[in-house]
Amino acid sequence: MNAVPTLDPPARLVDAVEQARAAAVEEAAADLGPHAAEGAVGEHLEAVPEGPDAVSHHFAATQGGYQGWRWSVTLAAAGEDTPVTVSEVVLIPGPDALVAPEWVPWDERVRPGDLGVGDLLPAQQDDPRLVPGYIASDDPAVEEVAVEVGLGRRLVPSRYGRDEAARRWHDGPHGPAADMSRAAPAPCGTCGFFFPLAGSLRAAFGVCGNEYSPADGSVVDVGFGCGAHSDVQPDTTSAVAVAELVYDDGVDLEPIGR
């Protein structure tokens, strides 16, 4: 492999710190005014080679709201006998600068839980979670109900949609890995307050119907559990410690006179 050549700009570009500072102050004055511009350009931080004939000088940005940012002034020279000129003056974020979060497209910004009262959230045009209602849903229970009551929904859950929901519920706060589930005396699948779902998800999920449970009215995994399980028995032991009784049946007693 060929070694990457080290950039070695002319020393006069590296030494032109004051020229670079003056360019930064002039740029700052356009927004802050001439009096505030001097204080907006702080100490010289480093000189970064940009090529054989260019160097960028970095200065600390000290104006309010730009903590961690720096002024970057790029100087260049076409040759040894040509003057040093300013190519660019910009504000750039330093390694510790406060910057905006990574851009997220508008159609990807809505997250679960964002929907509020009165908000409308249409499904995507080709949402993989849905299939047209005239296509078999491959869920016998859904097909049976649809035919029986003439449901005729335009869209029904696809296999992918059901799998995604099952994964989300299983890994969520009402799944078997939740802290409450690990401390529960028994799983929801054996609880009398457990209402199984219909269809292909019946074996894995249901709805909690115990008003005293933190999962009341929510979809729960059969492996989830809480302390309000229907088989929990009341504790009949005394809350007060009682000393163990001692029996002296095997001891011969000798009467003692008064």
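Reckoned from all heavy atoms, side chains included, excluding hydrogens, waters and symmetry mates.
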How about CD on Glu164, more than 12 heavy atoms from neighbouring residues, nucleotides or ligands closer than 6.0 Å, or not?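 Count over threshold, so yes.
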Tell me if the CD atom of Glu26 is crowded by more than 12 foreign heavy atoms within 6.0 Å.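 Not buried by this count: 12 neighbours or fewer within 6.0 Å.
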How far apart are the closest heavy atoms of [X] and [Y], and which atoms are they?
X      : Y      : result
Ser230 : Cys191 : N-SG, 3.4 Å
Gly175 : Ser181 : O-CB, 3.6 Å
Trp71  : Ala28  : CZ2-CB, 3.6 Å
Ala23  : Val73  : CB-CG1, 4.0 Å
Gly227 : Pro185 : CA-CD, 4.2 Å
His170 : Pro176 : CE1-CG, 3.3 Å

With side chains defined as the heavy atoms from C-beta onward, is the minimum distance between [X] and [Y] less than 4.5 Å?
X      : Y      : value
Val220 : Phe194 : yes
Val207 : Leu197 : yes
Thr62  : Glu43  : no
Leu45  : Arg70  : yes
Phe59  : Val17  : yes
Leu91  : Gln63  : yes
Arg21  : Val41  : yes

Check the pair Val84, Leu13 against side chain to side chain contact (heavy atoms under 4.5 Å, CB included), reporting the backbone distance first and the verdict last. CA-CA 7 Å; Val84 174; Leu13 290 177; 3.6 Å; yes
Within the 6.0 Å centroid threshold, strictly below: His44 and His57: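 His44 vs His57: aromatic centres under 6.0 Å.
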Would you list the pairs meeting side-chain hydrogen bond (donor to acceptor under 3.5 Å, both in side chains) in which at least one residue belongs to residues 202-215, sequence neighbours left out?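 Not a single pair qualifies under side-chain hydrogen bond (donor to acceptor under 3.5 Å, both in side chains).
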With a cut-off of under 6.0 Å to the ring centre and 45° to the axis, is Arg162 in cation-pi contact with Trp169?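 Arg162 over Trp169 ring: no.
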Closer than 4.0 angstrom, basic N to acidic O: yes or no for Arg12 and Glu80?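 Answer for the salt bridge query: no.
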What's the spacing between Cys188 SG and Phe193 CZ if we round to 0.5 Å?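 CZ of Phe193 is found 11.5 Å from SG of Cys188.
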Between Val25 and Leu75, is there a shared hydrophobic cluster once you connect ILVMFWY residues whose side-chain heavy atoms come closer than 4.5 Å?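 Yes, because Val25 and Leu75 connect within a single hydrophobic cluster, where side-chain heavy atoms sit under 4.5 Å apart.
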Is there a path of hydrophobic side-chain contacts, each under 4.5 Å between heavy atoms, that joins Val14 and Val86?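 Yes, Val14 and Val86 fall within the same hydrophobic cluster.
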Any donor-acceptor pair under 3.5 Å from Ser56 side chain to Ser72 backbone: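 Not at all, since once roles are kept as given, no pair shorter than 3.5 Å links the two residues.
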Looking at residues at least two apart in the chain, or sitting in another chain, which of them share a ring-ring contact (aromatic ring centres under 6.0 Å, His included) with Tyr66?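 ring-ring contact (aromatic ring centres under 6.0 Å, His included) list for Tyr66, sorted by chain: Trp69.
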Hey, mind stepping through His58 and Val48 against side chain to side chain contact (heavy atoms under 4.5 Å, CB included) and telling me if it holds? CA-CA 8 Å; His58 293 174; Val48 181; 3.8 Å; yes
